[in-house]
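Contents: one structure, followed by commentary.
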Amino acid sequence: MGTTSNTSSMSNTSNQEISEIRWNHPDRLVWVATADGEFLGMVEGRDGSFIANNTLCGTYQLFTTLNEAAADIQRSAHDYLSAVGRSSTHSS
């Protein structure tokens with residue numbers, strides 16, 4: 001089983017840098033988000049929907065598209081980093 005990855009750039013305004021969210025696709029219906037080696041969350045395709053398992057907020061949420069689920073993980077990563085003083089913004 002191969003692994004593919006995609007990155008979404010995040011720019012930084014703090015001393016502790018987080019450079020990007022990296023999306024790995026280890027299985028046909030699983031996408032895993034990490035940044036600087038830290039697990040952010042994952043998206044799982046199930047029954048035509050996408051479940052965002054957002055470990056930073058401890059939530060599971062159902063979305064109709066992969067892009068919506070991935071955006072939820074990215075928003076939460078930004079919110080989490082801002083709350084812990086690692087303020088970042090992500091760009092598309």
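Computed from a prediction, not measured in an experiment: that's the story for all the values here.
- Contact detail for Met42 and Val30: the closest heavy-atom pair is CE-CG1, 3.9 Å.
- Inter-residue side-chain proximity for Glu44 and Tyr60 is flagged as unmet; no heavy-atom pair is nearer than 4.5 Å.
- Minimum heavy-atom separation, Glu68 to Arg75: O-NH2, 4.5 Å.
- Ile21 CD1 to Asp36 CG: the interatomic distance, rounded to the nearest 0.5 Å, is 10.0 Å.
- Distance CG/Asp72 to CD1/Ile51: 12.5 Å, rounded to 0.5 Å.
- Test Val43, Ile73, Asn24 against Trp31 for side-chain contact (heavy atoms from CB on, under 4.5 Å) and you get one pass: Val43.
- In the hydrophobic clustering of this structure, Phe63 does not group with Val32; members are Ile, Leu, Val, Met, Phe, Trp, Tyr whose side-chain heavy atoms approach within less than 4.5 Å, directly or through other members.
- Between atom CG of residue Leu66 and atom CH2 of residue Trp23 there is a gap of 7.5 Å, rounded to the nearest 0.5 Å.
- Scanning all heavy atoms of the two residues, the minimum distance from Ala52 to Ala69 falls at CB-O, 3.9 Å.
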